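First the structure, then my questions, so here it is.
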Amino acid sequence: MILLHHPEVELSRELLAQLPEGVEVIEGAGEYAVSAFPSVVVDVPTYTEERPMFGPDGEFMGMETVTIEAHQELLRMPASWDAVESFLAFVEVRAAANPPV
């Protein structure tokens with residue numbers, strides 16, 4: 001995980017003060033497109049999801065299973081580290097329930 005921190009933002013200072021072990025801190029946005037501070041970059045594991053399929057004229061063709069590869073997501077202005085942990089728990093459960101095919 002990475003905390004994108006700005007020292008002028010109170011919530012950012014609060015998260016920094018309670019920083020869990022192993023979390024990297026970048027002051028500013030670094031290489032990330034950030035709309036607000038603080039933001040936390042988290043790793044999301046590979047999972048599958050069902051999506052609608054549409055034909056060339058926009059007609060609904062049914063559903064298809066799509067694999068979403070592992071990636072990073074930006075959590076904008078998390079209120080606490082508990083909020084971040086709840087998202088991480090969600091993505092782990094989703095990945096386990098919807099493994100790649």
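What you see is a predicted model, and the numbers here were worked out from it, not measured in a lab.
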Open item on the list: Going by the rule side chain to side chain contact (heavy atoms under 4.5 Å, CB included), which residues pair with Ala83 if we only count those two or more places apart in sequence or in a different chain?
Closed with: Ser80

Task: Pairwise distance CE(Met77) to CG(Leu11) - rounded to 0.5 angstrom - done: 6.0 Å

Open item on the list: Could you measure the distance from the CG atom of Leu3 to the CD atom of Gln18? Nearest 0.5 Å is fine.
Closed with: 11.5 Å

Open item on the list: When you compare the side chain of Arg76 with that of Leu74, does any pair of heavy atoms fall below 4.5 Å?
Closed with: no

- [ ] Each residue besides Val101 in its hydrophobic cluster should be listed here, by chain and number; the cluster joins Ile, Leu, Val, Met, Phe, Trp and Tyr at side-chain heavy-atom distances under 4.5 Å.
- [x] none

TODO: Please examine the side chains of Pro38 and Val9, heavy atoms only from C-beta on, and report whether any two atoms are closer than 4.5 Å.
DONE: yes

Task: Donor-acceptor pair, side chain of Trp81 and main chain of Leu15, under 3.5 angstrom - done: yes

TODO: Report the hydrophobic cluster partners of Phe54, with the cluster defined as I, L, V, M, F, W, Y residues connected by side-chain heavy atoms closer than 4.5 angstrom, directly or transitively.
DONE: Phe60, Met63

Task: Under the side chain to side chain contact (heavy atoms under 4.5 Å, CB included) test, residues paired with Glu10 that sit two or more places apart - done: Arg13, Glu14

Open item on the list: Membership question, hydrophobic clusters at under 4.5 Å side-chain separation (ILVMFWY): are Val84 and Phe90 in the same one?
Closed with: yes

TODO: Could you tell me whether the side chain of Val25 reaches within less than 4.5 Å of the side chain of Leu16, counting heavy atoms only?
DONE: yes

- [ ] Could I get the full list of ring pair (Phe, Tyr, Trp, His ring centres under 6.0 Å) partners for His5, not counting sequence neighbours?
- [x] none

With a cut-off of 3.5 Å and sequence neighbours excluded, list every side-chain donor-acceptor pair involving residues 40-53.
residue : atom : partner : partner atom : Å
Asp43   : OD1  : Gln72   : NE2          : 3.3
Thr46   : OG1  : Ala70   : N            : 2.9
Thr48   : OG1  : Asn98   : O            : 3.2
Thr48   : OG1  : Pro99   : O            : 3.4
Glu49   : OE2  : Arg51   : NE           : 2.6
Glu49   : OE2  : Arg51   : NH2          : 2.9
Glu50   : OE1  : Thr65   : OG1          : 3.4
Glu50   : OE2  : Thr65   : OG1          : 2.5

TODO: Using the rule that two of Ile, Leu, Val, Met, Phe, Trp, Tyr join whenever any of their side-chain heavy atoms come within less than 4.5 Å, decide whether Leu75 and Leu19 are in one cluster.
DONE: yes

- [ ] Report the distance from atom CD1 of Ile26 to atom OG of Ser39, rounding to the nearest 0.5 Å.
- [x] 11.5 Å

Open item on the list: With side-chain hydrogen bond (donor to acceptor under 3.5 Å, both in side chains) as the criterion, how do His71 and Glu73 come out once you've worked through the C-alpha distance, each side chain's angles and the decisive distance to 0.1 Å?
Closed with: CA-CA 7 Å; His71 60 281; Glu73 286 190 25; 2.9 Å; yes

Open item on the list: For Glu8, I'd like to know if atom CD has over 12 heavy atoms of other residues, nucleotides or ligands within 6.0 Å.
Closed with: no

Task: Under 3.5 Å: donor-acceptor pair, side chain of Ser12, backbone of His6 - done: yes

